[in-house]
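Please read the structure below before turning to the comments.
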Amino acid sequence: MARIRYGARTEAEIAAARTAAAKLPDIWSTGVVALWESDPDAVAAVLPPPLKPTGRPLVRAAISTVDLPGYPLGAGSVAVAAAHHGVEGWYPLVMPMTHERALIGGREVFGEPKKLGEVTVERDGLVVRAALARHGIAFVEVRGAVSGGLPLPEPSQKTDFYFKFLPSVDGSGFDADPVLVHCLRDEKVRKLERITGDVVLRESMYDPVADLPVRTLVEITIGEKTTDQKGRVAERVGARALLPYIHQRYDDPQQILDGPPEGSA
């Protein structure tokens, strides 16, 4: 009988896939990062407990492209500064990805709030434009010109916070208590330049980052970096505390509260 491709993989095939994943070389991306101070009340309002605001109401937009052979990838995020039991990091609100493969892994394994979208990083000489777009709206656009080089930072580890959960089958909450994930990212930078420019936030009902206005622009940079990541479950979170925030992850929150139509597959 011919191989049934939906059938079970052998132990050898599973082991080979794990070995191949462990031997991936460094993958370098070119990315623009904009950092600004926003309204403290707005930043606090988007943080589900037990996350807390930090000393500064910072928002970060990261917009990157990766020139993978035969598989160019765009990846972005808009995140706010957050803290959890003394650990400071970033809580992403939206993470547009240009391919399903990048979306599924992070969303299902780590609980990353990834969505399919358009990611643009363009450079013409010193002029740079980067944008995140969905549903035809470039809801974040960074524009400017390179104004000089910056010292390379030492390799560092950064923390992102995610909530991993499964909506319940009856639309009443979750199948089990959600978990708060600490995602630890080891980052190396091989090129970094300063950009003089501005950040434009456009109104979008699907990605309302315009609610986090630019009060003070801290910096804009463009650089080349590589990262690897690993995650750990920091704690379980009460369903009642997280439920008011789950709309952050969906274009249509009602979608996860409705049961499937009668007769649907």
Side-chain angles (χ1 to χ4, degrees), residues 26-38 43 46 57-68 71-81 90-103 106 112-153 156 158 160 185 187-204 206-227 229:
D26 287 345
I27 298 173
W28 295 87
S29 64
T30 299
V32 171
V33 177
L35 188 68
W36 67 91
E37 286 192 3
S38 190
V43 170
V46 302
L58 293 173
V59 183
R60 181 192 67 188
I63 308 170
S64 301
T65 56
V66 187
D67 191 18
L68 298 174
Y71 193 80
L73 171 67
S77 72
V78 178
V80 298
W90 295 94
Y91 172 61
L93 296 166
V94 61
M95 301 177 71
M97 301 284 134
T98 56
H99 292 294
E100 185 181 39
R101 181 178 179 182
L103 185 152
E112 296 173 340
K114 290 184 172 180
K115 299 179 179 179
L116 286 174
E118 299 171 27
V119 180
T120 304
V121 178
E122 299 170 334
R123 179 168 182 172
D124 183 5
L126 297 179
V127 177
V128 176
R129 175 185 176 270
L132 300 176
R134 300 181 66 250
H135 300 288
I137 302 169
F139 59 92
V140 177
E141 183 176 3
V142 182
R143 310 173 301 194
V146 174
S147 54
L150 290 169
L152 295 183
S156 62
K158 299 179 179 179
D160 281 351
R185 300 180 183 275
E187 180 178 288
K188 293 185 292 185
V189 179
R190 68 182 183 186
K191 184 177 182 180
L192 192 64
E193 296 172 289
R194 180 186 297 108
I195 291 177
T196 301
D198 60 1
V199 177
V200 178
L201 304 179
R202 295 189 177 89
E203 175 58 34
S204 169
Y206 304 104
D207 304 289
V209 298
D211 291 349
L212 301 165
V214 180
R215 294 283 188 247
T216 303
L217 184 59
V218 178
E219 67 174 4
I220 306 174
T221 60
I222 184 170
E224 297 177 7
K225 68 179 181 180
T226 183
T227 61
Q229 68 182 49

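In what follows, residues are counted from 1 in the order of the sequence shown. Heavy atoms only: backbone and side chains are in, while hydrogens, waters and symmetry mates are out.
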Worksheet entry | Separation between OH of Y206 and NE2 of H135, rounded to the nearest 0.5 Å | 5.5 Å
Fill in: Smallest separation among heavy atoms of P213 and S38, with atom names
O-OG, 2.7 Å
Practice prompt. Could you grab the distance from atom CG of L58 to atom CG of L212, nearest 0.5 Å is fine?
Written response: 11.5 Å
Discussion item. Strictly below 4.0 Å, N to O, side chains only: are R190 and E224 in salt-bridge contact?
Written reply: yes
Fill in: Test log, rule side chain to side chain contact (heavy atoms under 4.5 Å, CB included), inputs K158 and T227
CA-CA 10 Å; K158 299 179 179 179; T227 61; over 6 Å; no
Discussion item. Is it the case that over 12 heavy atoms from other parts of the model lie below 6.0 angstrom from the NZ atom of K188?
Written reply: no
Discussion item. Looking at A138, is its backbone amide N or carbonyl O close enough to the side chain of R202 to form a donor-acceptor pair, meaning the two atoms are under 3.5 Å apart?
Written reply: yes
Discussion item. How long is the straight-line distance from NZ of K225 back to CG of L152, given to the nearest 0.5 Å?
Written reply: 13.5 Å
Worksheet item: Atom CG of D160 and atom CH2 of W90: how far apart are they, to the nearest 0.5 Å?
Response: 9.5 Å
Practice prompt. Find the distance between CZ (R129) and OG1 (T120) and round it off to the nearest 0.5 Å.
Written response: 5.5 Å
Worksheet item: Is there a side chain to side chain contact (heavy atoms under 4.5 Å, CB included) between R143 and V128 once you walk through the steps?
Response: CA-CA 6 Å; R143 310 173 301 194; V128 176; over 6 Å; no
Worksheet item: Would you call E219 and R194 a salt bridge, taking side-chain N to carboxylate O under 4.0 Å as the test?
Response: no
Fill in: side chain to side chain contact (heavy atoms under 4.5 Å, CB included) evaluation trace for V59 with L35
CA-CA 6 Å; V59 183; L35 188 68; over 6 Å; no
Discussion item. To check you understand the geometry: which heavy-atom pair defines the closest contact between G74 and T98, and what is its length?
Written reply: N-OG1, 2.8 Å
Discussion item. Rounded at 0.5 Å granularity, tell me how far CE in M95 sits from CG in L132.
Written reply: 11.0 Å
Worksheet entry | side-chain contact (heavy atoms from CB on, under 4.5 Å) partner of I63, the single match among V33, V119, T30, V78 | V119
Worksheet entry | Residue pair L192 / P151: nearest heavy atoms and the distance that separates them | CD2-O, 4.0 Å
Practice prompt. Salt-bridge test for K114 and E112: reply yes if a basic N is under 4.0 Å from a carboxylate O, no otherwise.
Written response: yes
Discussion item. One pair to check against side chain to side chain contact (heavy atoms under 4.5 Å, CB included): L93 and V80. What are the steps and the verdict?
Written reply: CA-CA 8 Å; L93 296 166; V80 298; 4.2 Å; yes
Worksheet entry | Partner set under side-chain contact (heavy atoms from CB on, under 4.5 Å) for L126, not counting sequence neighbours | R123, V146
Worksheet item: Do you know the tightest heavy-atom contact between V94 and F139?
Response: CG1-CE1, 4.2 Å
Item to complete: Could you tell me whether a side-chain N or O of R215 sits under 3.5 Å from a main-chain N or O of W36, the two making a donor and an acceptor?
Response: no
Item to complete: Grab the two heavy atoms, one from G197 and one from L217, that are nearest each other, plus how far apart they are.
Response: O-CD2, 3.5 Å
Fill in: Taking every non-hydrogen atom, the tightest pair across A79 and P92
CB-CA, 3.6 Å
Worksheet item: According to the salt bridge (Lys or Arg N to Asp or Glu O under 4.0 Å) rule, which pairs have a member within residues 90-101, sequence neighbours left out?
Response: none
